[in-house]
Structure formats: C-alpha cells, structure tokens
Amino acid sequence: MSTAKGSVLVTGGAGFIGSHVCGAYVDAGWSVTALDDLSSGSRENVPDGVELIEADVRSVEAAELMEERCFDIVNHHAAQIDVRVSVERPDHDASVNIQGLLNLLEAARASSVRRFVFVSSGGVVYGEPDELPVPEIAPKAPLSPYGVSKLAGEHYLYFYNKVHGLEAVTLRYSNVYGPRQDPHGEAGVVAIFSRRLLENRPLIIYGDGEQTRDYVYVGDVARANLLASEAPLVDPTCIDDVAFNVGTGKETTVSDLAEVLMEVSGRSCEVEWAEARPGELSRSSLDAGKLAVLGWQSEHDLARGLTLTFAHIAGQA
C-alpha cells in the first residue's frame, strides 16, 4: 500500500505514545506499520489502518522487515523507559536502548530509509538543569543509565548521518501524559493518581511535593512527530542542531498536579506523604522554541489534558 505521504514504521507502535503517533500518521495520509513486541504495548491500542508486526527491535525479524518493506521514515519509540529498571539492570537497558537502536540503524543503512526520527528524553538527558525552561543547547548530564542510553542514541544518529548520510532528527520529550497511559515512568503519575481517585485510595506524594515536571499532552506530542518527519533539517555540526524539545515550558509541582486532577475529576481523596526517592530531579521544564518555529505549540493546557485523560481512564474502569 502506498500513499502520497509515503510509508512509515513506528517502533513501539502499540504503546502509549507510539499508538497515538501511529494514529496521527494515518490521519495525515501515511501508510503506517507498527512494530512492537507487546511487552508493554497492547494490540487494542493500535489504530485502525495500521498493520501490527510483533517483533523485538533487537531481532533479525525487525531488521528484515525494514529491508523488505523499504520504509521512507522510521519513527523509533520502542525503548526500555523505566529509570529504576535501568539503575537495577543497566545491561538490560543498554541491550534494548542501544543494541536495539543499532539493529534498526544498520537495517536503515541497508535499505531506502530516508529519515530516522528518534525519541530521546528531555527529562533525563539534561540532568539537574542550571536554567529553566531548558534549551536544547544546555549541558547534558544524565543521572541514570536510561538517560545515558538515550544520549548515546543521539550520538549514534549523528554518526550515521555524517558517515552514512541517513537523515536523523531527535525529539526530546518532557513528561508525556494522556489516554492509554500506563503507570511506568515519571509521567505515569497521572495514570496512577487517576486510578487511585477512581478507587478512592490515597494519593501518595514522594518528598515535599514541590518537585516540578513539564507535563505535555500526548496528542500534542503526536503532532510534533509529524513535523519531525517532514520538516527541513540543517546539516548538523552537533547533536543539538537536529534535536527538538517537546514540552510546554511550564513547571507543575506534584502537589499542584494532584489538586488540578481532583478538581477536573470532581473527586477528592486523602494525600499521603512518603520519603523522597533517591536521584529524583527537583525541577524540570523544556523550552520548545525551536519546534515553535516549525509551527508547533501545545494546544492542551493541563486542565484540559487531565480532563480528557481522566475521562478515558474512568471509561475503562
């Protein structure tokens, strides 16, 4: 099947963010194939019109699929995303996030892939930032193996661009939330809080609740992926030249997140406090000015996004 837009492979396409990205591509007229090992994704997440191939990104099957189908774009969302797992099992994190990426990049080099869209993390590659919101050129100081593997991935893409001519663009996400979200990762707090509200269980806040995150709605993130697939790119002299932050530039404390969620849901419950988790960033928000130049902006403020997210989770309860 071919379309005017071309063909795209979305790895992790049955996952929370990846499935929304698949839907955005379909709506924009692309021919879409999703690759997912279903370790955390679900067949039910995959939108109509998307072919799902069940395989691991590290597998021979994944590489052969790319070489046989000749995709125009590879959009790489599949990853080990849990910071705590990366600390406990750095070898596993590297196997999925680095070896898996290299398997796909080698297959892209051997086929006709034009552009590789790589999902990094603005929440971890910058470490504890000196300025907020954080621009793409800020120092990189990841504090977890997950952050290290994502930053390494950006450098590998730079190498494949310079040596093999593969177009590469990186999206550094802030904390993504929305429908189909699972409780993994820091942004999973929205799903966790929502489920606890539905079950009338206390919301657990770690530390003093004043740590901040930049929460960006998944539908806005999906639109950023479309831009990254088609926008003109400069000839990079460093990884930051083709990297784009995806965030709102606004800080929200965990305490405020809980309050807004209770307000939009019309529910309330007790809040319990627990010890701060070691290594947790105190503040985070991303400057998405570069992406704004391409015409992107976040269209969902926190209240609207949380309303949509809670309604989706409540509908599944």
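Note that OG of Ser265 is 7.5 Å distant from CG of Leu198, once rounded to the nearest 0.5 Å. Taken from CG in Leu261 to OG1 in Thr309, the straight-line distance is 8.5 Å, to the nearest 0.5 Å. For the atom pair CD (Glu136) and CG (Asn245), the distance works out to 4.0 Å, reported to the nearest 0.5 Å. Taken from OG1 in Thr248 to CD in Gln297, the straight-line distance is 12.0 Å, to the nearest 0.5 Å. Here the CH2 atom belonging to Trp30 is positioned 12.5 Å from the SG atom belonging to Cys22, to the nearest 0.5 angstrom. Annotation: the span from Ile81 atom CD1 to Lys150 atom NZ amounts to 9.0 Å, rounded to 0.5 Å.
In this structure, Tyr173 and His77 have tilted ring planes: the angle between them lies in the 30° to 60° band. In this structure, His164 and Tyr160 have tilted ring planes: the angle between them lies in the 30° to 60° band.
The pair Glu64-Arg69 fails the salt-bridge criterion, with no side-chain N (NZ, NE, NH1 or NH2) lying under 4.0 Å from an Asp/Glu carboxylate O. A salt bridge links Lys162 with Asp235: the distance from a Lys NZ or Arg NE/NH1/NH2 to an Asp or Glu carboxylate oxygen falls below 4.0 Å. Checked for salt-bridge contact, Asp220 and Arg223 meet the test: a charged N lies under 4.0 Å from a carboxylate O. Salt-bridge formation is not detected for the pair Lys140/Glu154: no Lys NZ or Arg NE/NH1/NH2 atom is positioned less than 4.0 Å from an Asp or Glu carboxylate oxygen. Taking 4.0 Å as the cut-off between side-chain N and carboxylate O, Glu199 and Arg196 do not count as a salt-bridged pair. We find that Glu54 and Arg43 are joined by a salt bridge, their nearest charged nitrogen and carboxylate oxygen being less than 4.0 Å apart.
The closest donor-acceptor contact from the side chain of Asp241 to the backbone of Thr237 lies under 3.5 Å. Side chain of Arg89 to backbone of Arg84: no donor-acceptor contact under 3.5 angstrom is found. The backbone N or O of Ser7 lies less than 3.5 Å from a partner atom in the side chain of Asp72, making a donor-acceptor pair. Here the side chain of Tyr215 pairs no donor or acceptor atom with the backbone of Ser174 at under 3.5 angstrom.
Side-chain polar atoms of Arg213 and Thr252 form no donor-acceptor pair below 3.5 angstrom. In this model, a donor atom of one side chain and an acceptor atom of the other lie less than 3.5 Å apart for Asn75 and Asn225.
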